[in-house]
Protein chains: 2
Amino acid sequence: MPDTVNIPGEKLAALEEALKAAGLRLTHQRLEIYRELLAATDHPSAECLYQRLRRRIPTLSLDTVYRTLATLAAHGLINRVETLESQARFEATSGRHHHLICRKCGKIADFQWPDIDSAALPQEISEWGRIDLKNVVIHGICRTCLERREK
Amino acid sequence: MPDTVNIPGEKLAALEEALKAAGLRLTHQRLEIYRELLAATDHPSAECLYQRLRRRIPTLSLDTVYRTLATLAAHGLINRVETLESQARFEATSGRHHHLICRKCGKIADFQWPDIDSAALPQEISEWGRIDLKNVVIHGICRTCLERREK
DNA sequence: CTTGATGCAAATAGTTTGCAGGCTC
DNA sequence: GAGCCTGCAAACTATTTGCATCAAG
């Protein structure tokens with residue numbers, strides 16, 4: 001099993017470029033945090049990322065995870081995902097997608113819905129202001145939790 | 001100017017019924033907090049509701065606002081609105097609607113989008129589990145903030 | 001070398017909880 | 001009158017910040 005996550009080079013190049021453009025340094029921690037987020041599919045919280053990374057980088061501190069997540073989010077490399085929980089969750093920025101959230105176990109899954117992506121917004125919206133992002137959030141109970149409940 | 005907010009009786013009846021069904025009491029505080037939320041259009045935070053209600057009920061405590069919001073939310077009378085901010089925001093449960101969030105001032109507006117409400121979800125979703133709620137969240141910058149920025 | 005980034009520890013913000021007295025049913 | 005609800009204060013959780021040190025460019 002590899003000790004570090006291996007990730008498409010283009011994404012890492014984007015990280016390096018975005019950081020450089022903002023006059024920020026490409027540090028070991030930033031690289032690893034971003035890598036971990038690229039590899040993760042479960043929209044981890046800061047705390048959760050910290051636990052995973054600690055195995056590889058024992059000296060890493062939770063503060064740095066928070067600071068790095070804020071930095072990366074500010075530069076559009078990652079997204080803060082809005083949930084109803086108190087803990088913030090994160091994902092690496094990637095193609096257009098939407099979220100399924102289980103209200104029981106809190107798991108977040110992605111799904112595609114091209115029909116919505118291309119659908120025209122209601123007329124009234126254009127008067128509200130400038131639209132940056134259109135996202136569908138679906139709440140429900142995932143299959144695993146449903147089956148657990150039946151027992 | 002009226003000292004208390006006046007609200008359609010049906011909503012209040014729903015509150016009374018829902019509380020009674022759960023074996024909970026209809027207290028002055030719960031009534032007023034729910035009334036305030038029914039009247040509000042700006043999805044206020046707990047702190048914000050507290051400030052508004054204090055004028056009418058000087059003895060009200062912030063803790064009670066939090067506790068009451070949790071109670072009402074647990075019984076489906078109000079919704080916690082998910083935002084990217086750290087503060088939770090609330091709205092009285094009402095007809096199907098979606099949210100516009102200004103990333104500058106944090107204002108949340110409602111809008112209708114019947115096409116989405118009636119649109120069929122992608123096939124894959126049904127395999128995920130049970131769907132309770134389908135919500136569109138739009139992020140952008142509201143007109144007021146756009147104009148302020150131009151100056 | 002220089003300056004921004006990190007780790008540590010302490011501070012904050014928002015929210016929750018334990019307890020004693022008050023109010024609804 | 002009995003027990004849930006409230007207000008008060010203190011506890012908690014997630015996140016942020018000040019400062020001395022470290023490392024990337």
Side-chain angles (χ1 to χ4, degrees), chain A residues 12 15-36 43-54 56-75 77-90 106, chain B residues 12 15-37 43-51 53-54 56-75 77-90 106:
Chain A
L12 291 183
L15 169 69
E16 194 166 355
E17 190 185 341
L19 288 178
K20 199 162 286 179
L24 299 172
R25 290 176 185 167
L26 179 59
T27 63
H28 183 217
Q29 290 86 334
R30 285 178 176 167
L31 182 63
E32 291 301 328
I33 290 170
Y34 185 58
R35 264 188 178 151
E36 190 67 43
H43 311 77
S45 64
E47 180 72 43
C48 172
L49 275 172
Y50 173 59
Q51 296 301 341
R52 291 180 194 170
L53 287 160
R54 239 146 78 90
R56 279 194 271 138
I57 315 168
T59 61
L60 181 70
S61 80
L62 178 57
D63 328 77
T64 300
V65 176
Y66 274 111
R67 262 187 283 225
T68 301
L69 289 172
T71 303
L72 296 180
H75 294 279
L77 291 156
I78 66 173
N79 293 126
R80 198 177 282 258
V81 179
E82 43 198 75
T83 70
L84 293 173
E85 297 166 344
S86 54
Q87 277 192 133
R89 313 255 312 240
F90 299 85
Chain B
L12 291 182
L15 169 68
E16 193 166 357
E17 190 183 343
L19 288 177
K20 199 162 285 179
L24 299 172
R25 291 182 183 162
L26 179 59
T27 62
H28 184 217
Q29 288 87 333
R30 286 179 176 165
L31 182 64
E32 290 301 329
I33 290 170
Y34 184 59
R35 263 190 179 150
E36 191 68 42
L37 216 43
H43 312 75
S45 64
E47 180 71 36
C48 172
L49 275 172
Y50 173 59
Q51 296 301 342
L53 286 160
R54 239 146 78 89
R56 278 194 272 137
I57 315 172
T59 61
L60 182 70
S61 80
L62 178 57
D63 329 76
T64 299
V65 175
Y66 274 111
R67 263 188 281 225
T68 300
L69 290 172
T71 304
L72 296 181
H75 294 278
L77 291 156
I78 66 173
N79 294 126
R80 196 177 284 260
V81 179
E82 43 199 73
T83 69
L84 294 173
E85 298 168 342
S86 54
Q87 278 192 131
R89 312 260 306 243
F90 298 85

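Order of the sequence lines fixes the chain letters, A, B, ..., with proteins taken first and strands second; residue numbering starts at 1 for each chain.
- Between Arg89(A) and His43(A) the shortest heavy-atom distance is NE-O, 2.5 Å.
- Checked by atom type and distance alone, the side chain of Thr64(A) never pairs as donor or acceptor with a backbone atom of Leu60(A) at under 3.5 Å.
- Test Ile33(B), Val65(B), Leu69(B) against Phe90(B) for side-chain contact (heavy atoms from CB on, under 4.5 Å) and you get one pass: Leu69(B).
- The separation between Tyr50(B) atom OH and dT6(D) atom C1' is 13 Å, rounded to whole Å.
- For dT15(D), one of the phosphate oxygens OP1 or OP2 lies less than 4.0 angstrom from a side-chain nitrogen or oxygen of Tyr66(A).
- You'll find that the side chain of Arg67(B) is closest to dC8(D), out of dG14(C), dC8(D), dT15(D).
- For Leu19(A) and dT3(C), the CG to P distance is 20 Å, given to the nearest whole Å.
- Sequence order on DNA chain D of the closest nucleotides to Ser86(A) and Ile57(B) puts Ile57(B) first from the 5' end.
- Whole-Å rounding puts the Asp63(A) CG to dG7(C) C1' distance at 7 Å.
- Among the heavy atoms of the strands, none lies under 4.0 Å from Ser45(A).
- Summarising the geometry, the separation between NE2 on His28(A) and C1' on dG7(C) is reported as 15 Å, rounded to the nearest angstrom.
- Residue Arg30(B) is in sugar-phosphate contact alone, with no base atom involved, counting any heavy-atom pair closer than 4.0 Å across all strands shown.
- In this structure, the nucleotide among dC25(C), dT6(C), dG14(C) sitting nearest to the side chain of Thr64(A) is dT6(C).
- Closest contact between the side chain of Leu24(B) and the listed nucleotides dG7(D), dC25(C), dC5(D) involves dC5(D).
- Rounded to whole Å, atom P of dA14(D) lies 12 Å from atom CD of Gln51(A).
- For Thr68(B), counting side-chain heavy atoms from C-beta on, the closest listed nucleotide (dT15(C), dG7(D), dT6(D)) is dT6(D).
- Rounded to an integer number of Å, the gap from His75(B) NE2 to dC5(D) C1' is 14 Å.
- Around atom CD of Glu17(B), no more than 12 heavy atoms belonging to other residues, nucleotides or ligands sit under 6.0 Å away.
- The side chain of Thr27(B) lies closest to dT6(D) when the candidates are dT6(D), dT15(D), dT17(C).
- Side-chain atoms of Arg80(A) do not come within 3.5 Å of backbone N or O of Leu84(B) as any donor-acceptor pair.
- Place Leu26(B) and Arg80(B) on DNA chain C by their nearest nucleotides, and Arg80(B) ends up nearer the 5' end.
- The base of dT3(C) lies close enough to the side chain of Arg25(A) for a donor and an acceptor atom to sit less than 3.5 Å apart.
- Among the heavy atoms of the strands, none lies under 4.0 Å from Ala70(A).
- For the pair Glu32(A) CD and dT6(C) C1', the computed distance is 15 Å after rounding to whole Å.
- Residue-level contact check: Gln29(B) touches the backbone only, with heavy atoms under 4.0 Å from sugar-phosphate atoms and none from bases.
- Between Leu77(A) and Tyr34(A), the shortest heavy-atom distance links the atoms O-CE1, 3.8 Å.
- For the pair Lys20(B) NZ and dC4(D) C1', the interatomic distance rounds to 15 Å; values are reported in whole Å.
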